[in-house]
K.L.:
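Sharing a structure with you now.
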Amino acid sequence: MKKGFIFDLDGVIVDTAKYHFLAWKKLANGLGIDFTSEQNEQLKGVSRVRSLEKILSWGNKTLSPEEFSELMAKKNDDYLSYIAQMDDSEILPDVPKILHYLIDNEQGIALGSASKNARAILEKVHLIEKFQAIVDGTNVSKAKPDPEVFLNAATELEIQPKDCVVFEDSVAGVQAANAANMISIGIGSKEVLHEADYVFNDFTEISIEFIEDIIKK
Ligand code: G6P
Ligand code: MG
């Protein structure tokens, strides 16, 4: 049976949180706001605009709309300069193994990400051709935990939401998958992602037998 496997990007396929951290820290510190890695954790799965709003509220700062857009653009320029060097070595362990198994078994494969840089990153790590559908921050209007991103991916794959499976590292993403009536697989800690149907620390813990069972379900 054909299932649709929808992958989040940041924190699932590649670890870009470290680059977001550097760029947000530079911006926050420039405004005299402290920025810790714990705060960076809270920005996982959160859109660029909402991330800046949160940083400003943590630092009790307000900006004019012009300053806000200027800083958003600056943050993205910095982020792009960090990701410019990315290559296949940044693909998280065993992601290619699972992708190849799904391709060999003629399953649907889509990306469901909040990032507006998703296509550029997939190109850098040479995975773009593995995806039959790409839904990202450039073509979604409602942020996770709204299910829009995953429902659009299912539509593009022409597979019913109940036959789709989502890999997600953020709480909002797991909630979005559940709201879309899809099987949710959390990638990260069980405590944080307890709302997911299954949780694994990373793809090295996901066996081919597990994927086979999911396909048969
Ligand atoms: C993902 C990341 C977030 C990031 C968001 C938007 O969800 O986990 O940290 O803010 O994408 O990414 P972008 O590349 O468009 O700034
Ligand atoms: Mg993510």
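Computed from heavy atoms alone, side chains included, the values below leave out hydrogens, waters and symmetry copies. Counting starts at 1 for both ligands and their atoms, in listed order. Here the structure is a predicted model, which is why all the values come from computation and not from measurement.
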K.L.:
Ligand 1 and K44, any nitrogen or oxygen pair closer than 3.5 angstrom?
P.N.:
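K44 vs ligand 1: no N/O contact under 3.5 Å.
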
K.L.:
Quick one: nearest non-hydrogen protein atom to atom 8 (O) of ligand 1, plus distance?
P.N.:
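Protein heavy atom with the smallest distance to atom 8 (O) of ligand 1: G45 N, 2.8 Å.
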
K.L.:
Check for me, please, whether M86 and F21 land in the same ILVMFWY cluster - side-chain distances under 4.5 Å, paths through other members count.
P.N.:
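Unlinked, M86 and F21 end up in two clusters.
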
K.L.:
Which protein non-hydrogen atom lies closest to atom 13 (P) of ligand 1, naming both residue and atom, and how far is it?
P.N.:
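Minimum-distance protein heavy atom for atom 13 (P) of ligand 1 reads S115 OG, 3.5 Å.
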
K.L.:
Linking I/L/V/M/F/W/Y whenever their side-chain heavy atoms sit closer than 4.5 Å, directly or via other members, would L111 and V12 fall into one cluster?
P.N.:
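Yes, L111 and V12 fall within the same hydrophobic cluster.
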
K.L.:
Could you check whether the rings of F131 and F7 sit parallel, tilted or perpendicular, using 30° and 60° as the cut-offs?
P.N.:
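Rings of F131 and F7: perpendicular, as their planes differ by over 60°.
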
K.L.:
Among all the protein's non-hydrogen atoms, which is closest to atom 16 (O) of ligand 1, and how far away is it?
P.N.:
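Ranking protein heavy atoms by distance from atom 16 (O) of ligand 1, first comes R48 NE, 2.8 Å.
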
K.L.:
Quick check: does K116 get an N/O under 3.5 Å from an N/O on ligand 1?
P.N.:
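Yes: some nitrogen or oxygen of K116 is under 3.5 Å from one in ligand 1.
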
K.L.:
Do you know how many protein N, O or S atoms are within a distance smaller than 2.8 Å of the Mg ion (ligand 2)?
P.N.:
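The number of such protein atoms is 3.
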
K.L.:
Test of understanding: clusters of I, L, V, M, F, W, Y form through side-chain heavy atoms closer than 4.5 Å, transitively. Do V199 and I214 belong to the same one?
P.N.:
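No, V199 does not connect to I214 through the hydrophobic network.
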
K.L.:
Where does T16 meet ligand 1, judged by heavy-atom distances below 4.0 Å: at the side chain, the backbone, both, or neither?
P.N.:
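Neither part.
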
K.L.:
For atom 1 (C) of ligand 1, what is the closest protein heavy atom, and at what distance to 0.1 Å?
P.N.:
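Result for atom 1 (C) of ligand 1: D10 OD2, 3.4 Å.
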
K.L.:
Quick one: which of L43, N117, V46, T138 has a heavy atom closest to atom 10 (O) of ligand 1?
P.N.:
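The residue whose heavy atom sits nearest atom 10 (O) of ligand 1 is V46.
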
K.L.:
Return yes if some donor-acceptor pair links the side-chain N/O of N40 with the main-chain N/O of K18 below 3.5 Å, else return no.
P.N.:
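Judged by distance alone, no pair lies under 3.5 Å.
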
K.L.:
Going by the side chain to side chain donor-acceptor pair (under 3.5 Å) test, which pairs reach into residues 106-115, not counting sequence neighbours?
P.N.:
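Qualifying pairs, neighbours excluded: none.
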
K.L.:
Applying the 4.5 Å side-chain criterion to the ILVMFWY set and letting contacts propagate, would F210 and F167 be lumped into a single cluster?
P.N.:
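Yes, it is one cluster - the side chains of F210 and F167 are joined through contacts under 4.5 Å.
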
K.L.:
Kindly state each residue pair satisfying side chain to side chain donor-acceptor pair (under 3.5 Å) with at least one member in residues 50-59, sequence neighbours excluded.
P.N.:
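For residues 50-59, and leaving out neighbouring residues, the side chain to side chain donor-acceptor pair (under 3.5 Å) pairs sorted by first residue read R50-E53.
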
K.L.:
Name every donor-acceptor pair, under 3.5 Å, that has one atom in a side chain of residues 153-163 and the other anywhere in the protein, sequence neighbours excluded.
P.N.:
residue	atom	partner	partner atom	Å
T155	OG1	L151	O	2.9

K.L.:
Taking the cut-offs as 6.0 angstrom to the six-membered ring centre and 45 degrees off its axis, would you call K75 and Y79 a cation-pi pair?
P.N.:
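Cation-pi check for K75 and Y79: passes.
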
K.L.:
Is it true that G11 lies under 4.0 Å from ligand 1, counting heavy atoms only?
P.N.:
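G11: no contact with ligand 1 (<4.0 Å).
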
K.L.:
With a 3.5 Å distance limit and no angle check, can you tell me whether K3 reaches the backbone of K217 through a side-chain donor-acceptor pair?
P.N.:
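Yes.
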
K.L.:
Could you tell me whether some N/O pair between S113 and ligand 1 is separated by less than 3.5 angstrom?
P.N.:
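Between S113 and ligand 1, no N or O pair is found under 3.5 Å apart.
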
